[in-house]
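Have a look at the structure below before the remarks.
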There are 2 protein chains.
Amino acid sequence: MPDTQSPTRKRIIDAATRLFYAEGIGRVSVDAIAEKAGLTKRTLYYHFKSKDDLIAAYLDGRDQPNLQQIAGWFDAAQGGADRKVEAIFSNLARVARHPKWKGCGFLRTAAELASMPGHPAVKVGSRHKSNFETWLAGELSGHDIKEPQALAREIVLLIDGCFSIMLIHRNPDYIEAAGRAAATLVRARSRNND
Amino acid sequence: MPDTQSPTRKRIIDAATRLFYAEGIGRVSVDAIAEKAGLTKRTLYYHFKSKDDLIAAYLDGRDQPNLQQIAGWFDAAQGGADRKVEAIFSNLARVARHPKWKGCGFLRTAAELASMPGHPAVKVGSRHKSNFETWLAGELSGHDIKEPQALAREIVLLIDGCFSIMLIHRNPDYIEAAGRAAATLVRARSRNND
DNA sequence: TTATGTATACCGACTAGTGAATATACACAA
DNA sequence: TTGTGTATATTCACTAGTCGGTATACATAA
């Protein structure tokens with residue numbers, strides 16, 4: 001049984017992460033990942049039992065980094081909950097301008113695997129999105145919001161709407177619009193707005 | 001030059017539509033489409049110069065049907081703008097329960113083609129989404145809304161957020177939540193709510 | 001000896017796209 | 001009416017390459 005902490009395994013996931021995110025899981029071959037990682041395909045298959053497993057490992061490795069990036073933006077923003085939520089969107093608009101930005105890897109993978117709803121990678125994505133929603137609800141509950149869980153879900157919908165529509169229009173104006181909508185929803189549920 | 005109105009061409013697009021939507025563009029081979037259409041691959045390549053062209057034709061054929069389905073839901077709903085908008089979401093939740101439902105073909109195609117932003121199919125998708133946003137803004141402007149275009153964009157973001165997140169969680173509750181959020185945004189911009 | 005890790009070489013199935021031939025239909029001239 | 005030319009539409013057989021995955025062998029270390 002291969003060592004799940006091995007540096008070789010990590011090298012493979014790093015290579016897979018860069019290629020899968022840049023090109024999409026269907027357009028990247030196992031050969032290409034092995035070459036990028038500087039080893040042979042047979043070695044890759046020693047550490048992962050299938051490409052599907054590797055896809056799930058790729059997303060699993062993005063769970064915490066992605067979550068903590070957004071948490072960092074939220075924490076750093078000044079002001080009330082509406083301003084902190086809006087900061088998520090303005091930072092998103094900033095990074096989305098980078099030419100290498102290709103949307104949300106979790107959503108893109110789920111879109112590619114739409115015909116395989118039980119795929120392990122989709123489950124990893126589902127867990128990640130739930131983690132994020134739960135984290136956001138927790139943050140909002142400290143800001144005098146009436147129904148923090150319902151609000152968190154609405155904001156998540158706007159964030160994922162941004163990710164998707166940006167891949168079609170490539171126009172960051174949509175992210176700004178989503179940020180304003182999110183702020184409106186926050187204020188609609190703020191206690192001091194009664 | 002092939003006839004762009006030919007019934008054979010239509011048969012090919014019909015077959016492509018069913019397969020591409022069910023499996024995703026990357027998982028469907030040109031051979032499979034030809035077989036489904038009941039002709040040979042060489043004939044398919046007489047009518048379309050490449051698979052990429054066929055993908056664009058598939059989405060182009062979905063523009064009006066998709067738009068008119070949602071317009072039908074909107075028109076049939078009773079009540080003010082908030083109720084009509086909410087009707088879009090409740091109908092969406094209904095059809096999303098069907099086992100063959102696989103999200104929005106435009107968004108899924110854009111996700112698969114994220115590494116090729118100038119792909120003709122992405123342009124067709126962009127035009128479709130703009131058409132929808134424009135139609136919705138027009139409808140809203142007849143309902144005493146302050147900034148119908150800005151509101152239409154916010155609702156579009158919620159709709160596309162539903163499409164995406166549904167592929168991850170497969171839980172229609174998210175669509176209901178989006179509907180309530182949309183209704184909140186509508187009321188926030190209604191003149192009679194000042 | 002046994003477990004872990006890596007390499008070369010290969011498999012059968014599938015991929016998008018093409019070359020060459022042919023079937024069909026209609027126009028026009030003898 | 002018959003023969004010929006031409007554009008459209010279709011088929012069979014094929015190319016050159018890629019796909020995920022594996023059989024076999026070898027090295028190193030406990």
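Computed from a predicted structure; not experimentally measured. Lettering follows sequence order; numbering is per chain, from 1.
- Side chain B/Lys51 to base C/dG17: no donor-acceptor pair is found below 3.5 Å.
- Each of B/Phe20, B/Phe48, B/Tyr21 was compared with B/Tyr58 under the ring pair (Phe, Tyr, Trp, His ring centres under 6.0 Å) criterion, and only B/Phe20 meets it.
- Using a 4.0 Å heavy-atom cutoff across all strands shown, A/Ser29 reaches sugar-phosphate atoms only and no base atom.
- Side chain to side chain, B/His128 and B/Asn66 fail the donor-acceptor criterion of an N or O pair below 3.5 Å.
- Contacts of A/Thr40 with the nucleic acid, taken as non-hydrogen atoms under 4.0 Å apart, include base atoms.
- Every residue two or more places apart in sequence or in another chain that forms a side chain to side chain donor-acceptor pair (under 3.5 Å) with A/Arg94 is listed here: A/Asn91.
- Taking side-chain N and O atoms only, B/His47 has no distance below 4.0 Å to OP1 or OP2 of D/dT8.
- The base of D/dG21 is not paired with the side chain of A/Arg42 by any donor and acceptor separated by under 3.5 Å.
- When rounded to the nearest whole Å, the span between CZ of A/Arg27 and C1' of D/dG20 equals 18 Å.
- Where B/Ile25 and A/Lys41 each meet DNA chain C at their nearest nucleotide, the meeting point lying more 5' is that of A/Lys41.
- Remark: A/Arg153 is positioned above the aromatic ring of B/Tyr174, its terminal NZ or CZ atom under 6.0 angstrom from the ring centre and at most 45 degrees off the axis.
- B/Ser6 comes within contact range of no nucleotide atom at all, as no heavy-atom separation falls under 4.0 Å.
- Among C/dA7, C/dG5, D/dG20, the nucleotide with an atom closest to any side-chain atom of A/Tyr46 is C/dG5.
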